[in-house]
Number of protein chains: 2
Amino acid sequence: MRERSRITSFDIAHRAGVSQSTVSRALRGSSQVNEETRQRVLRAVAELNYKVDKNASNLRRKHAGTLALLLSEDPTADESHINPFFLSMLGAITRACAQHDYDLLVSFQQFSPDWHADYAEAHKADGIILLGYGDYLSYCDKLRRLAERGTRAVRWGAVLPGQGDVSIGCDNHAGGRLVTEHLLAQGCRRIAFLGDASSHYPEFFARYLGYAETLEQAGITVDPALQVDAVSTESAGQAALATLLARGVAFDAVFAASDLIAIGALHALGAHGLRVPADVALAGFDDIALAGFVNPPLTSVLQDTQQAGRILVESLLRLIRGEPVASTLLPVTLKVRRSSLRREAG
Amino acid sequence: MRERSRITSFDIAHRAGVSQSTVSRALRGSSQVNEETRQRVLRAVAELNYKVDKNASNLRRKHAGTLALLLSEDPTADESHINPFFLSMLGAITRACAQHDYDLLVSFQQFSPDWHADYAEAHKADGIILLGYGDYLSYCDKLRRLAERGTRAVRWGAVLPGQGDVSIGCDNHAGGRLVTEHLLAQGCRRIAFLGDASSHYPEFFARYLGYAETLEQAGITVDPALQVDAVSTESAGQAALATLLARGVAFDAVFAASDLIAIGALHALGAHGLRVPADVALAGFDDIALAGFVNPPLTSVLQDTQQAGRILVESLLRLIRGEPVASTLLPVTLKVRRSSLRREAG
DNA sequence: CTGAAAGCGCTTACAG
DNA sequence: CTGAAAGCGCTTACAG
């Protein structure tokens with residue numbers, strides 16, 4: 001495959017006038033090597049443009065030096081339209097991996113149904129990061145199987161009490177409250193919720209619970225007719241809003257469980273001649289880049305993906321080192337934009 | 001790191017009652033192994049849930065079984081806001097790698113300036129895929145250095161005559177023509193171009209040349225005051241449109257060199273009280289998912305990312321096998337949406 | 001068709 | 001502080 005004969009640690013040893021073991025020690029930063037010797041080795045390495053062979057090193061150390069990222073999106077989602085929220089996470093995870101000198105292997109679940117076997121067990125990766133809004137219950141037993149086999153895994157998602165796994169997630173419940181309180185403060189009283197609200201989608205469900213709780217505390221009865229299921233895509237958002245309209249119930253605000261749903265809803269509202277925010281206030285969740293660029297700009301809940309990515313990687317590395325790791329619940333921030341400002345837009 | 005002792009090919013050999021070499025042969029699909037023996041091996045593999053150790057296999061075969069994807073965005077781009085166009089490519093590339101049984105290592109250039117050394121030379125990957133709108137001239141010599149060291153690389157980008165490398169790109173020139181012809185057909189005569197138009201950004205430049213050529217063939221003189229530099233971000237698009245307005249030149253259409261630029265421009269137009277398409281027709285390039293969801297929906301040029309990803313991977317694999325590989329120029333399609341329809345919207 | 005053996009390029013006890 | 005040697009788990013000539 002590679003025609004020019006490889007430079008190995010023996011070549012370095014020869015050039016530096018030391019043994020191959022010393023080269024290895026010098027390069028791995030062993031403290032028990034003379035500083036002058038180390039410098040000689042480092043010079044030879046630079047001159048010959050040598051790089052340690054990862055396969056050999058990893059084989060010997062029984063360590064892959066690699067984390068695998070498994071992204072499982074809703075089956076309904078078109079693979080070419082991955083949720084931008086995940087892209088943002090991917091960037092953060094990639095960066096965190098690089099900082100810890102780990103490689104990142106990326107895989108999309110749709111393409112490899114047998115991922116639990118493919119990955120961690122092939123010893124390609126020391127651990128895996130699970131990302132995705134897939135049905136939670138449906139992969140609970142996959143998670144269990146992974147754990148049984150000693151595979152280290154962390155996941156982005158709902159942080160639920162009594163979970164055996166390590167989850168990093170944002171405070172969806174608080175996010176649901178923030179949005180709902182804001183909409184109430186704008187004078188809205190009939191607030192629709194677009195998004196699945198069941199234990200199959202615990203993140204959406206927590207947002208829904210925050211919404212429902214806030215309404216009740218404000219003395220407003222939660223109307224089931226105002227909730228419509230939707231997975232996190234624009235088309236699901238469009239469809240959900242159409243369903244809502246078809247029900248003929250009155251509503252003065254829409255709280256979409258994700259920005260993609262909100263953008264779909266925005267589209268559908270416009271198509272039905274409803275103005276945002278004048279007729280209907282609208283808010284989403286995730287604060288994807290796009291949220292600030294739709295018209296009107298979309299009120300949303302910011303999750304700090306940079307921090308999330310870092311914590312996912314660091315938690316996994318701790319797990320790999322056998323250290324105790326707890327789940328983490330990250331705070332959220334409400335980003336108010338024009339889509340929900342009825343007072344000004346009146 | 002991994003407490004439970006690993007299952008190796010020796011365990012399989014023992015259980016199947018054959019030698020370890022036979023296990024290896026059976027698993028690599030060697031034709032010189034008895035079908036019955038192979039079945040016995042396969043059964044033992046299934047029972048013990050064995051997986052070939054990639055590190056050992058790759059070390060022995062001098063083969064990484066991995067491709068590296070290097071994404072280099074504009075330095076100005078916020079890392080959390082990667083161009084969705086690239087996400088779409090990433091999906092396609094991941095899928096193509098999986099189909100060819102290669103792993104994909106992902107890296108973002110901002111995080112590792114010395115990528116040319118880090119990657120291919122560390123023998124982590126058999127070859128690399130370069131993705132990104134970075135300054136072309138500035139990495140021409142990086143490309144040359146990679147080639148000198150025998151690194152296999154393919155890139156997504158402009159396909160220029162006389163390039164020594166393997167590039168896969170879309171027909172940007174044709175795309176520029178399509179957009180411009182369409183805007184002319186809508187009755188526009190003063191069409192601005194937002195995007196860098198120099199050899200530093202050959203893709204944008206090709207789009208610009210298609211634009212300029214079409215105008216001239218229509219008897220319209222290209223006015224340099226109507227071109228404003230912009231890299232591919234929303235904020236650059238906003239800034240470019242502000243610059244255009246500040247120049248005080250009249251324009252009835254904007255052709256943005258990318259959808260992100262177009263969306264930034266759309267934002268800025270709205271802020272200045274200019275209606276799209278009534279006052280200004282607008283078109284972008286890339287046809288990202290978002291293009292259909294902004295208001296009004298954005299006319300754009302579709303590049304087939306699924307096909308592009310597949311061809312990038314297949315070209316690289318051919319290069320790795322030492323087969324001759326040519327650059328590929330992919331066709332584009334104009335997607336007309338409301339943002340450019342002045343006739344109807346007039 | 002199958003087995004015994006060498007070796008891929010490292011890391012790390014073990015002995016000095 | 002340094003070297004000689006074993007061995008990580010495979011693949012693949014080599015010999016039958």
Side-chain angles (χ1 to χ4, degrees), chain A residues 1-42 44-45 48-66 101 121-126, chain B residues 1-42 44-45 48-66 101 121-126:
Chain A
M1 292 275 152
R2 196 166 284 284
E3 67 280 349
R4 59 190 63 213
S5 78
R6 295 202 39 166
I7 291 159
T8 73
S9 52
F10 284 92
D11 298 312
I12 304 302
H14 181 76
R15 190 173 187 108
V18 295
S19 75
Q20 183 268 339
S21 359
T22 298
V23 170
S24 180
R25 278 193 207 98
L27 259 32
R28 304 215 90 251
S30 161
S31 59
Q32 46 166 12
V33 61
N34 184 14
E35 192 48 36
E36 202 207 323
T37 312
R38 185 194 307 278
Q39 290 310 323
R40 216 141 19 99
V41 169
L42 259 31
V45 164
L48 297 182
N49 207 264
Y50 167 75
K51 294 278 170 186
V52 172
D53 184 294
K54 281 274 178 186
N55 281 133
S57 172
N58 290 342
L59 172 60
R60 190 51 239 259
R61 296 171 63 203
K62 293 178 169 233
H63 160 276
T66 299
D101 209 26
E121 303 196 322
H123 301 261
K124 291 179 194 172
D126 299 305
Chain B
M1 291 278 151
R2 195 166 287 282
E3 69 279 348
R4 60 191 62 213
S5 78
R6 296 203 38 166
I7 290 159
T8 73
S9 51
F10 285 92
D11 299 311
I12 303 301
H14 181 75
R15 189 173 190 106
V18 295
S19 75
Q20 182 268 338
S21 357
T22 298
V23 171
S24 180
R25 277 192 208 97
L27 259 34
R28 303 214 93 253
S30 163
S31 59
Q32 44 167 15
V33 60
N34 184 14
E35 193 48 37
E36 201 207 324
T37 311
R38 186 195 305 280
Q39 290 309 325
R40 213 140 23 96
V41 168
L42 258 30
V45 163
L48 298 181
N49 207 264
Y50 167 76
K51 294 279 170 186
V52 173
D53 185 295
K54 281 276 180 186
N55 281 132
S57 171
N58 290 342
L59 172 60
R60 190 50 238 259
R61 297 171 61 203
K62 292 179 168 233
H63 160 274
T66 299
D101 208 25
E121 303 195 322
H123 301 261
K124 291 178 195 172
D126 299 306

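Heavy atoms only: backbone and side chains are in, while hydrogens, waters and symmetry mates are out. Chain letters run A, B, ... following the sequence lines, proteins first, then strands; residues in each count from 1.
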* To do: Between D:dC14 and D:dC10, how far apart are the P atoms? Round to whole Å, please.
  => 23 Å
* When rounded to the nearest Å, what value does the distance between C1' atoms of C:dG16 and C:dT12 take? -> 16 Å
* Asked: Of all the choices, D:dT2, C:dC10, D:dG9, which nucleotide is nearest to the side chain of B:L59 once you look at every atom?
  -> D:dG9
* Asked: When you measure from the side chain of B:T8, which nucleotide among D:dT2, D:dT12, D:dC10 comes out closest?
  -> D:dC10
Interatomic distance where [atom1] belongs to [X] and [atom2] belongs to [N] [whole Å]:
X	N	atom1	atom2	result
A:N55	C:dT11	CG	P	12 Å
A:R60	D:dA6	CZ	P	12 Å
B:D53	D:dC10	CG	P	5 Å
A:K51	C:dC10	NZ	P	13 Å
A:N34	D:dT2	CG	C1'	10 Å
B:H63	D:dC10	NE2	P	16 Å
A:I12	C:dT11	CD1	C1'	16 Å
B:K54	D:dT11	NZ	C1'	14 Å

When rounded to the nearest 0.5 angstrom, what distance separates [atom1] in [X] from [atom2] in [Y]?
X	Y	atom1	atom2	result
B:R25	B:S19	CZ	OG	6.5 Å
B:K54	A:L59	NZ	CG	14.0 Å
A:I7	A:L48	CD1	CG	5.0 Å

* Asked: Among residues 14-25 of chain B, which contact DNA chain C at a heavy-atom distance under 4.0 Å?
  -> B:V18, B:S19, B:S21, B:T22, B:R25
[N] phosphate, OP1 or OP2: any side-chain N/O from [X] under 4.0 angstrom?
X	N	value
A:Y50	C:dC10	yes
B:K62	C:dG9	yes
A:R61	C:dT11	no
A:S9	C:dG9	no
B:T37	C:dT2	yes

* Asked: Which heavy atom of A:Y50 sits nearest a heavy atom of A:T8, and at what distance?
  -> CE1-C, 3.6 Å
* Give the minimum heavy-atom separation between B:V23 and B:S9, together with the two atoms involved. => CG2-O, 3.8 Å
* Asked: Can you check whether B:A64's main-chain N or O pairs, donor with acceptor, with B:T66's side chain at less than 3.5 Å?
  -> yes
* Asked: Heavy-atom distance under 4.5 Å between the side chains of B:D11 and B:R15, does that happen here?
  -> no
* C:dA15: pairing nucleotide in any strand, Watson-Crick or G-U under 3.5 angstrom -> D:dT2
* Asked: Does a sphere of radius 6.0 Å around CD in A:E35 hold more than 12 heavy atoms from other residues, nucleotides or ligands, not counting ones at 6.0 Å or beyond?
  -> yes
